[in-house]
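Proteins get letters first, then strands, A, B, ... in listed order; numbering begins at 1 in each.
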2 protein chains.
Amino acid sequence: MSKSEDQVNTKTVRAFSPKTQKRREKALQEKRTRIMDAALSLFAKNGVNGTTVEQVSELANVSKSNLLYYFKSKEGLYLSVITHLLDVWLTPLQSFSAEQDPIETLSDYIKVKLEMSRDNPAESKLFCMEVVQGAPLLIKELETPLKTLLDAKSAVIIEWIEAGKLKPVDPIHLIFSIWAITQHYADFSVQIKAVTGKDLSDPAFFESTLSDIQHIILGGLKPA
Amino acid sequence: MSKSEDQVNTKTVRAFSPKTQKRREKALQEKRTRIMDAALSLFAKNGVNGTTVEQVSELANVSKSNLLYYFKSKEGLYLSVITHLLDVWLTPLQSFSAEQDPIETLSDYIKVKLEMSRDNPAESKLFCMEVVQGAPLLIKELETPLKTLLDAKSAVIIEWIEAGKLKPVDPIHLIFSIWAITQHYADFSVQIKAVTGKDLSDPAFFESTLSDIQHIILGGLKPA
DNA sequence: TTTAAATTAGACCCTTTGGTTCAATTTGGA
DNA sequence: TCCAAATTGAACCAAAGGGTCTAATTTAAA
């Protein structure tokens, strides 16, 4: 809508000792986080349009008034949630790095991503819904920061291939495949549970799923 | 809500010659389809809650009144759409059958699924959103018909493995992986387009994507 | 032409919901 | 104790949207 600062009510606390001010802001930040967490889980479950501000406030244990005191509007709240989400979401790929053994690196990456699906299913689902619906709020982030990151990581994979450490694959499709499969276990957990009776919170199921995925994706990539 | 027939207004045409009646019903059915198509694309793009009955009626080129004459309620419309959707969606797996070469069969299946992602992206997206949100309307269908189907197909894969035609994998995870990746190209098309600049409607991109996916998934499954 | 079904426009109603306003109360540090 | 910030509850407003109803019009088969 208007300027992006408008989405959040950043109350500046004045006339306090630095120590106190710090403590205060921390408390405020915690409450903001609490609200955003509540919003995240409801948005993921019912969609943004299917969630009322009141529901969020109840789940966060604050009054509706108070919520609107922290966030200017529902849209502002959603934007805060989704922006923060993307940060968290892309972090693991960052650490996906240079000159280790490719199979091992990719194995680890799959593991980290699957752990994220297990530990942050709501994040995964909300991200999924946003992108499925055209990512109106994230499109800019996808076109530049994400693309840049992907290009960098692609280059690493290409190096591996050229060094004969990995069979030839298009790096982009490889990364998409890893994302698709690992996120699938969060996003489609209902379907998976309906069919297998289990989900990633079951440790044994997590382990077998992880090793199967690693096997499927990496099995054909080991150099001859 | 109440009985399931209530979701749809099935006008029974009386006192017409059989021929005429047939023609009529066909026309009605076509219109119903037109409305459902419109609903599908809007629901997929904006979510059910983000779509108004009026928008659907406009896209389908009928009046709101007329739409409500065909479908008792928005929920009834959605239920019709989603039910029909599941039928279409699972069809390819049916034909996934017995004693051909596993690699070839799986290759074909991947191709069919990727074609569906290319040709019916809205179906894929709506299915995705419904499942992500807990599949309240589909859960029964997932727990029984889908599970039954999956069990049957798993058995086929197990046979392949036991016959030494395929390396050992958990069939369920294999199938999930295929679904995850192929559907990803429809559901996350915005992200893919943001990164690669292309989508499946580009023939060259389709072909290279297909062969990469086949390579990634099946590369490690060929028996030694 | 007759008749029933199909279709439309539009008024209308009711509920939901995002957001505002405000007065009152609580909280915690100075 | 004093004060500003934090928090709440409640009334309230306006817009949106699902759904009903009705009167009028069109369509097409008999």
Side-chain angles (χ1 to χ4, degrees), chain A residues 1-2 6-35 38-39 42-43 46-79, chain B residues 1-2 6-35 38-39 42-43 46-79:
Chain A
M1 310 259 99
S2 41
D6 288 348
Q7 288 130 12
V8 174
N9 272 338
T10 311
K11 290 294 167 190
T12 331
V13 186
R14 285 153 304 182
F16 278 115
S17 77
K19 211 181 198 174
T20 303
Q21 178 156 344
K22 217 173 191 176
R23 202 182 313 153
R24 268 225 184 180
E25 283 188 353
K26 192 183 154 200
L28 292 220
Q29 189 50 49
E30 271 167 10
K31 197 158 190 181
R32 286 181 53 81
T33 303
R34 209 169 78 220
I35 295 172
L42 287 170
F43 288 166
N46 308 316
V48 181
N49 289 318
T51 302
T52 71
V53 177
E54 210 171 1
Q55 287 169 354
V56 177
S57 74
E58 278 168 13
L59 186 58
N61 269 311
V62 293
S63 64
K64 183 184 165 188
S65 307
N66 197 219
L67 189 156
L68 271 314
Y69 175 81
Y70 277 83
F71 298 90
K72 255 211 165 128
S73 67
K74 188 187 180 184
E75 200 182 318
L77 171 58
Y78 178 55
L79 190 55
Chain B
M1 309 259 100
S2 41
D6 288 350
Q7 290 128 12
V8 173
N9 273 336
T10 310
K11 288 296 168 191
T12 332
V13 187
R14 284 155 304 185
F16 278 116
S17 77
K19 212 181 196 172
T20 302
Q21 179 157 343
K22 217 172 190 176
R23 203 183 311 153
R24 269 223 182 182
E25 284 188 353
K26 192 182 154 198
L28 291 220
Q29 189 50 49
E30 271 167 10
K31 197 160 190 178
R32 286 180 53 82
T33 303
R34 209 169 77 219
I35 295 172
L42 288 170
F43 288 165
N46 308 316
V48 180
N49 289 318
T51 303
T52 71
V53 176
E54 209 170 2
Q55 287 169 353
V56 177
S57 74
E58 278 168 14
L59 187 58
N61 269 311
V62 294
S63 63
K64 183 184 166 189
S65 307
N66 197 219
L67 189 156
L68 271 316
Y69 176 80
Y70 276 83
F71 298 89
K72 255 212 165 120
S73 67
K74 189 187 180 184
E75 199 182 318
L77 171 59
Y78 179 54
L79 190 54

Checklist entry - What is the minimum heavy-atom distance between A:Ala60 and A:Ile35, and which atoms define it? => result CB-CA, 3.9 Å
Checklist entry - Partners of A:Asn61 by side chain to side chain contact (heavy atoms under 4.5 Å, CB included), sequence neighbours excluded? => result A:Arg34
Checklist entry - Atom CD of B:Glu58 to atom P of C:dG10: distance rounded to whole Å? => result 13 Å
Checklist entry - Between B:Asn46 and A:Asn49, which heavy-atom pair has the shortest distance, and what is it? => result O-ND2, 4.0 Å
Item to check | Donor-acceptor contact below 3.5 Å, side chain B:Thr51 vs main chain B:Leu42 | outcome: yes
Next on the checklist: Does C:dT7 have its OP1 or OP2 closer than 4.0 Å to a side-chain nitrogen or oxygen of B:Tyr69?
Outcome noted: no
Checklist outcome for this item: B:Leu67 atom CG is separated from C:dA6 atom P, nearest whole Å, by 15 Å
Item to check | Interatomic distance, B:Glu25 CD vs C:dA6 C1' [rounded to whole Å] | outcome: 14 Å
Item to check | Contacts of A:Asn66 that satisfy side-chain hydrogen bond (donor to acceptor under 3.5 Å, both in side chains) - sequence neighbours left out | outcome: A:Lys31
Next on the checklist: For a 4.5 angstrom cut-off between non-hydrogen side-chain atoms, does B:Val48 reach B:Lys74?
Outcome noted: yes
Checklist entry - For B:Tyr70 and C:dT7, is the shortest distance between a side-chain N/O and OP1 or OP2 below 4.0 Å? => result yes
Checklist entry - How long is the line joining CZ of A:Arg34 and P of D:dA6, in whole Å? => result 14 Å
Checklist outcome for this item: Reading nucleotides 14-26 of chain C from 5' to 3' and marking B where a protein heavy atom lies under 4.0 Å of the base, S where only the sugar-phosphate is that close, and - otherwise, the string is ---SBB-------
Checklist entry - Within less than 4.0 Å of OP1 or OP2 of D:dT7, is there a side-chain N or O belonging to A:Lys31? => result yes
